[in-house]
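The block underneath contains the structure these notes are about, expressed in structure tokens.
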Amino acid sequence: MHYEGKPTNENIAASKKDPSKYSDSMAPSPWYSFNIASIGIDAFVVYMTNKFKKIIPYDFYKMAVPLSGLIYDFNFPAGMAKIQLFDENDNLTKEFNLSFELLAFGISGHRMYGGGHHILPTEDNVCITRKVNLLELLYYNPKFIDGSFKDTKISNLNSANKVKIFYDKPILIQTDGEPNLLCKEHFPLIIEKTAPYIRIIESDSLSYDRGSVISK
């Protein structure tokens, strides 16, 4: 995940958001993920979980999703985004113009979070969820746990080698549980697959590919 913009300290200050509040590392891009990278409310849940698990000895993730839904819009009001999907030959395959709640990008389909949420329950590796209200969020949240949201109209599941996002508001991103804050001058943001970097173990009995595999 990396950005093409050239934000200055003045740009970041003008966003009225403190990057150090949301990230411990504040490392510049590129950021790497071996499972899932995402942008939107999902990254806010990561921030809330990381914040409270330091002081509350409990599996806070189960509480973080509905609590984040209550306050996310106040912290990060949604805006319109242009989202472009590209294939392995860098050809534009789809384009969306919408107000979105989250975008999740996996190295492959059939991916879930550590909390057991099936965010990518099919062969597709990109999930785009439109803006939802609080009641919809509470209603659909269980469907994101078992993956049954794939049969609803709130999300689009697609396959892509690269995603390019144009946006003009502050928003959070996360890579495998590490959040970072972006202001509008960071965009466009690019999330893309790389060549394999990490050796993994894969079961030969799986009927689907678990991602970029160096060896089994």
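Bear in mind the structure is a predicted one, so any value in this text is a computation, not a measurement. Side chains are part of it too, since the values below use all heavy atoms of this structure and drop only hydrogens, waters and symmetry mates.
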Q | Short side-chain donor-acceptor distance under 3.5 Å, Asp176 and Ser33 | A | yes
(Q) Looking at every heavy atom in both Ile71 and Met48, which two are closest together, and how far apart are they? (A) CD1-CE, 3.7 Å
Q) Yes or no on salt bridge (charged side-chain N to carboxylate O under 4.0 Å, His left out) for Arg130 and Glu136, after CA distance, side-chain angles and deciding distance? A) CA-CA 11 Å; Arg130 65 164 174 81; Glu136 287 178 310; 3.0 Å; yes
(Q) Quick check on Lys184: does its NZ atom have over 12 non-hydrogen neighbours (other residues, nucleotides or ligands) under 6.0 Å away? (A) no
Q. Quick one: are Ser23 and Leu181 in side-chain contact, heavy atoms under 4.5 Å?
A. no
Q: Taking Asn89 for its side chain and Asn91 for its backbone only, find out whether a donor-acceptor pair lies under 3.5 Å.
A: no
Q | Verdict with supporting geometry, Lys6 and Glu185, side-chain contact (heavy atoms from CB on, under 4.5 Å) | A | CA-CA 6 Å; Lys6 300 183 183 298; Glu185 286 79 14; over 6 Å; no
Q. Under a 4.5 Å side-chain heavy-atom rule over Ile, Leu, Val, Met, Phe, Trp and Tyr, are Ile128 and Met80 clustered together?
A. no
(Q) If I take atom CD1 from residue Ile119 and atom NZ from residue Lys150, how far apart are they, to the nearest 0.5 angstrom? (A) 12.5 Å
**Q.** Any donor-acceptor N/O pair, Asn125 side chain to Phe105 backbone, under 3.5 Å
**A.** no
Show every donor-acceptor pair shorter than 3.5 Å between a side-chain atom in residues 158-165 and any protein atom, with sequence neighbours excluded, or say none if there are none.
{"from": "Asn158", "atom 1": "OD1", "to": "Lys94", "atom 2": "NZ", "distance (Å)": "2.6"}
{"from": "Ser159", "atom 1": "OG", "to": "Asp124", "atom 2": "OD1", "distance (Å)": "2.7"}
{"from": "Lys162", "atom 1": "NZ", "to": "Asp90", "atom 2": "OD1", "distance (Å)": "2.8"}
{"from": "Lys164", "atom 1": "NZ", "to": "Glu4", "atom 2": "OE1", "distance (Å)": "3.4"}

Q) Taking the side chain from Glu101 and the backbone from Val132, do they hold a donor-acceptor pair closer than 3.5 Å? A) yes
Q: Heavy atoms only: give me the nearest Lys17-Pro19 pair and the separation to one decimal.
A: O-CD, 3.3 Å
Q: Give the cluster check for Ile190 versus Phe34: same hydrophobic cluster or not, with ILVMFWY residues linked at side-chain heavy-atom distances below 4.5 Å.
A: no
Q.
Can you give me the closest heavy-atom contact between Ala104 and Ser38, atom names plus distance?
A. CA-CB, 3.9 Å
Q: Measure the spacing between CG of Leu120 and NE2 of His118 and express it to the nearest 0.5 Å.
A: 11.0 Å
Q) Taking the hydrophobic residues Ile, Leu, Val, Met, Phe, Trp and Tyr, and joining any pair whose side-chain heavy atoms are under 4.5 Å apart, which ones share a cluster with Leu92? A) Phe86
**Q.** Shortest non-hydrogen contact from Ala37 toward Thr175
**A.** CB-CG2, 4.0 Å
Q: Verify the distance criterion only: is there a donor paired with an acceptor across the side chains of Asp87 and Thr93 at less than 3.5 Å?
A: no
**Q.** Path from Ile12 to Ile171 over hydrophobic side-chain contacts below 4.5 Å
**A.** no
**Q.** Gap separating the CG atom of Leu102 from the CD atom of Gln174, nearest 0.5 angstrom
**A.** 10.0 Å
Q) CG of Asn97 to CD1 of Ile83: how many Å apart, nearest 0.5 Å? A) 8.5 Å
(Q) For a 4.5 angstrom cut-off between non-hydrogen side-chain atoms, does Ile39 reach Leu189? (A) yes
Q) Is there any ring-ring contact (aromatic ring centres under 6.0 Å, His included) pair reaching into residues 159-194, and which pairs are they, with sequence neighbours excluded? A) Tyr3-His186, Phe100-Tyr167, Tyr167-Phe187
Q. Is any side-chain heavy atom of Thr129 closer than 4.5 Å to a side-chain heavy atom of Leu103?
A. no
Q.
Just checking Tyr22 against Phe76, ring centres under 6.0 Å apart?
A. yes
